[in-house]
Amino acid sequence: MDNKLLENDEISLKELIQKAKGWYLYLLSKWKLILLAGIIGATLGLMYSFVKKPIYTATLTFALEDEKGGGGLGGALGLASTFGLDLGGSGGGIFTGSNLTELFKSRSMVEKTLLTPVNINGKVISLAEMYIQDNKWRKKWSDKPKFASIEFLPGANRANYTRDQDSILGEMYGNLYKSGLSVSQKDKKISIITMDVSSTNELFAKYFCEALVGQVGKFYVETKSRKARINMAILERQVDSVRGELNSAINGVAVANDNTFNLNPALNVRRAPSARRQVDVQANTAILTELVKQSELAKVTLRKETPLIQAIDRPILPLAKESFGKTKGFLIGGFLGCFLYTILLLFRKIIKEKINYND
């Protein structure tokens with residue numbers, strides 16, 4: 001039985017070699033057609049290299065402020081807290097590491113960035129309009145009248161946008177998120193993040209990259225320092241209020257003293273208003289002194305929160321360019337032409353052999 005299986009295996013191997021030899025001879029007989037397919041593919045590849053626009057990449061690196069250490073400031077804030085002074089502080093770690101990279105790619109941040117104004121050839125337009133012009137979307141909308149009058153003015157109120165405008169901005173965001181925007185932290189041990197923006201328009205890549213960092217930085221700082229800003233605003237209002245009361249009390253003491261000028265020493269009851277105003281002055285002075293201390297500490301806390309994002313390397317023209325070279329297009333096109341036509345010839349031969357075998 002083993003000999004019979006061996007013999008079957010040998011026969012199968014022989015048939016396979018013969019079939020491969022038959023295919024080789026068949027393809028050899030079609031070498032002119034295969035060569036022609038390669039020439040056509042090479043020509044198409046070369047044409048594609050002329051039509052394909054180069055991709056420009058704007059790269060920006062930035063560092064996050066390390067809040068683990070506080071130095072003297074941390075000691076001052078700790079001392080203040082022992083006296084029951086809540087001066088605000090960091091927003092915690094909600095926007096650190098991978099959370100911050102996702103913030104850069106969020107729809108809200110990208111859409112706000114697209115509405116940032118830029119100066120193109122002396123005309124101020126939004127990045128969204130620049131994107132539309134670069135991709136020739138208005139030509140595509142020629143058969144859609146409802147899109148003809150749509151404009152994305154810089155600084156416009158996003159809440160007043162129509163459904164169509166929301167749809168267009170959503171498509172822009174989807175395109176940028178999929179292939180135009182990349183944010184990554186190359187080393188988890190280093191708090192330096194790299195952002196890449198790719199586009200066929202060199203200026204758009206640069207402007208969008210810088211505007212996105214500015215937009216996220218503004219949102220990041222406002223969010224992280226929100227508690228400190230609220231506390232500082234409350235303390236400043238209290239300082240103004242107490243200072244007003246103190247000034248009023250000082251004026252009251254002066255008026256009371258004027259009223260008791262050359263007063264008979266025996267009439268002490270007439271001196272009571274002046275004494276009461278003196279107490280008000282002393283009390284308001286003590287309160288104001290403490291509030292001013294808290295207010296100054298709150299300002300120090302707020303300065304600690306700003307800035308939280310520090311740009312290291314900004315995109316500089318000319319940007320890195322990736323283009324589809326003519327030689328590359330010629331070789332790849334020629335190879336694909338020969339390969340695909342060869343597969344087609346073999347497929348046709350196999351189908352024809354099966355049909356003949358069944359007959």
Side-chain angles (χ1 to χ4, degrees), residues 62-96 99-100 103 112 155 191 213-311:
F62 56 91
L64 300 177
E65 182 180 0
D66 186 4
E67 297 178 356
K68 293 180 181 178
L73 178 61
L77 297 178
L79 181 62
S81 64
T82 62
F83 291 99
L85 307 180
D86 185 7
L87 304 178
S90 164
I94 57 174
F95 289 137
T96 57
N99 290 346
L100 183 60
L103 177 63
K112 286 180 180 179
S191 58
V213 170
Q215 188 68 47
V216 173
K218 180 181 176 182
F219 175 80
Y220 190 26
V221 170
E222 288 178 353
T223 303
K224 294 277 281 185
S225 61
R226 183 178 180 184
K227 186 178 179 181
R229 288 179 184 278
I230 293 173
N231 279 303
M232 190 183 74
I234 292 173
L235 286 170
E236 286 180 342
R237 286 197 298 270
Q238 290 178 340
V239 167
D240 293 339
S241 176
V242 173
R243 182 175 281 115
E245 290 294 328
L246 178 59
N247 292 335
S248 176
I250 293 173
N251 290 334
V253 170
V255 170
N257 289 336
D258 290 343
N259 292 334
T260 58
F261 183 72
N262 288 331
L263 183 69
N264 186 345
L267 301 176
N268 289 326
V269 68
R270 300 286 298 274
R271 302 181 187 274
S274 176
R276 284 197 297 270
R277 301 304 289 177
Q278 286 283 4
V279 172
D280 291 342
V281 168
Q282 293 174 359
N284 285 323
T285 301
I287 295 172
L288 182 62
T289 302
E290 191 62 33
L291 284 175
V292 169
K293 289 180 182 178
Q294 294 186 34
S295 178
E296 291 303 314
L297 279 175
K299 291 177 182 178
V300 173
T301 303
L302 186 58
R303 286 196 295 270
K304 173 181 176 287
E305 304 295 331
T306 311
L308 293 175
I309 297 179
Q310 180 61 51

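Computation of the quantities below employed the complete heavy-atom set of this structure, encompassing side-chain atoms and omitting hydrogens, waters and symmetry-equivalent molecules. Throughout, residue positions are numbered sequentially from 1 according to the sequence presented. Please read all numbers here as calculations on a predicted model, not as lab measurements.
When every heavy atom of S295 is checked against every heavy atom of V239, the shortest pair comes out as CB-CG2, 4.3 Å. Listed here is the closest heavy atom pair of Q238 and L291: OE1-CD2, 3.4 Å. Heavy-atom minimum distance, V242 versus N284: CG1-O, 3.6 Å. Across all non-hydrogen atoms, the minimal contact from V292 to R243 is CG2-NH2, 4.4 Å.
For the atom pair M232 CE and E236 CD, the distance stands at 4.5 Å (nearest 0.5 Å). Taken to the nearest 0.5 Å, the CD atom of E290 stands 5.5 Å off from the NZ atom of K293. Here the NZ-CD distance, from K299 to Q294, works out to 13.0 Å after rounding to the nearest 0.5 Å. With values rounded to the nearest 0.5 angstrom, L235 atom CG is found 12.0 Å from I230 atom CD1.
A heavy-atom distance below 4.5 Å is not found between the side chains of T285 and Q282.
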